[in-house]
Amino acid sequence: MQLHLKHPLEPGSAPRHAADIVATAADISGAVLDYSPDSIDLVEDIVDGFRAVGVTGEELAESLVGFGCYVGEILTRHAGGVWRRASASPRTVPLAVELPGAGECHPIDWVFGRLERGADVSIRGLYSAAGHGNPGGSPEGEC
């Protein structure tokens with residue numbers, strides 16, 4: 001996958017990718033992403049809209065990375081997570097959020113999975129499981 005990102009794809013830049021997608025979503029559709037766990041529903045709705053018009057992960061890779069970083073930022077702010085380089089093999093990018101007692105989560109993969117498989121991948125459900133120290137239910141069997 002070829003990515004053309006404004007910031008490097010590293011743990012310290014994940015919050016900037018999230019902030020960029022917050023601004024972009026507000027500019028394009030008026031969406032208010034406020035870093036609350038409830039805003040994950042809006043992320044799912046946006047990704048479902050992409051899916052409905054047949055956009056691929058390759059075509060929207062930069063935006064999907066941004067939305068994944070946004071979900072990851074919710075994990076850092078509300079579940080005590082920390083951005084790290086992925087130690088497990090992520091499907092998309094080598095960034096993960098490490099959670100106390102829950103191991104490594106891949107919110108960027110969650111977003112790509114939602115686009116690819118629709119409601120079979122619940123970002124909300126994955127967040128809830130991970131945020132309560134109970135990873136699982138992810139498409140690959142890990143957080």
Side-chain angles (χ1 to χ4, degrees), residues 1-86 88 90-140 142-143:
M1 170 179 4
Q2 189 79 291
L3 293 172
H4 304 283
L5 299 169
K6 185 175 173 182
H7 313 287
L9 195 53
E10 56 191 35
S13 297
R16 288 185 285 187
H17 290 291
D20 288 348
I21 205 66
V22 167
T24 299
D27 287 346
I28 291 174
S29 65
V32 177
L33 297 173
D34 62 3
Y35 295 96
S36 69
D38 287 340
S39 68
I40 292 171
D41 295 334
L42 184 53
V43 171
E44 287 186 332
D45 290 345
I46 292 168
V47 174
D48 290 347
F50 296 152
R51 180 178 167 79
V53 296
V55 178
T56 68
E58 188 74 28
E59 293 169 320
L60 273 183
E62 290 83 5
S63 293
L64 297 175
V65 166
F67 283 114
C69 287
Y70 174 78
V71 173
E73 276 298 290
I74 296 172
L75 284 165
T76 67
R77 295 173 185 209
H78 296 279
V82 177
W83 283 103
R84 301 270 189 244
R85 290 218 172 269
R91 291 181 34 237
T92 54
V93 298
L95 290 182
V97 175
E98 184 179 325
L99 293 174
E104 187 174 276
C105 296
H106 301 109
I108 298 169
D109 285 352
W110 299 351
V111 172
F112 275 85
R114 179 71 178 214
L115 179 70
E116 294 165 5
R117 297 177 39 209
D120 288 347
V121 176
S122 169
I123 299 168
R124 159 73 73 192
L126 291 164
Y127 169 82
S128 294
H132 292 98
N134 180 21
S138 70
E140 283 66 48
E142 60 185 55
C143 187

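Source: prediction; values computed, not measured. What you see below is based on every heavy atom in this structure, not just the backbone, and it leaves out hydrogens, waters and symmetry mates. Numbers here are sequence positions counted from 1.
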Test: salt bridge (charged side-chain N to carboxylate O under 4.0 Å, His left out). Region: [range]. Which pairs qualify, not counting sequence neighbours?
range          : answer
residues 65-83 : Glu73-Arg77
residues 24-34 : none
residues 8-17  : none

Report the residue from Val55, Ile46, Ile28, Ile21 that forms a side-chain contact (heavy atoms from CB on, under 4.5 Å) with Ser63. Ile21

Going by side-chain contact (heavy atoms from CB on, under 4.5 Å), Leu33 matches just one of Ile74, Val43, Val71. Which one? Val43

Salt-bridge test for Arg84 and Glu104: reply yes if a basic N is under 4.0 Å from a carboxylate O, no otherwise. no

Indicate the atoms forming the closest heavy-atom contact of [X] with [Y], along with that distance.
X      : Y      : value
Arg124 : Asp38  : NH2-CA, 3.2 Å
Ala130 : Cys105 : CB-SG, 3.5 Å
Pro100 : Gly81  : CD-N, 4.5 Å
Val97  : Pro107 : CG2-CG, 4.0 Å
Leu95  : Pro11  : CD2-N, 3.4 Å
Arg114 : Ile123 : CB-CD1, 3.9 Å

Could you tell me if the side chain of Leu126 sits less than 4.5 Å from the side chain of Ser122, heavy atoms only? no

Quick one: are His106 and Val111 in side-chain contact, heavy atoms under 4.5 Å? no

All side-chain hydrogen bond (donor to acceptor under 3.5 Å, both in side chains) counterparts of Asp45, not counting sequence neighbours: none

Would you say the side-chain atoms of [X] pair up with the backbone N or O of [Y], donor to acceptor, closer than 3.5 Å?
X      : Y     : value
Glu116 : Gly57 : no
Ser39  : Leu42 : no
Ser29  : Ala25 : yes

Measure the [atom1]-[atom2] distance between [X] and [Y] for me, rounded to the nearest 0.5 Å.
X      : Y     : atom1 : atom2 : answer
Leu115 : Glu58 : CG    : CD    : 11.5 Å
Cys69  : Asp20 : SG    : CG    : 9.5 Å
Thr56  : Leu64 : OG1   : CG    : 9.0 Å

Ring pair (Phe, Tyr, Trp, His ring centres under 6.0 Å) partners of His7, counting only residues at least two apart: His17

Under the ring pair (Phe, Tyr, Trp, His ring centres under 6.0 Å) rule, what pairs show up with a residue in residues 27-82, not counting sequence neighbours? Tyr35-Tyr70

Does the side chain to side chain contact (heavy atoms under 4.5 Å, CB included) test come out yes or no for Arg85 and Leu9, once each step is laid out? CA-CA 10 Å; Arg85 290 218 172 269; Leu9 195 53; over 6 Å; no

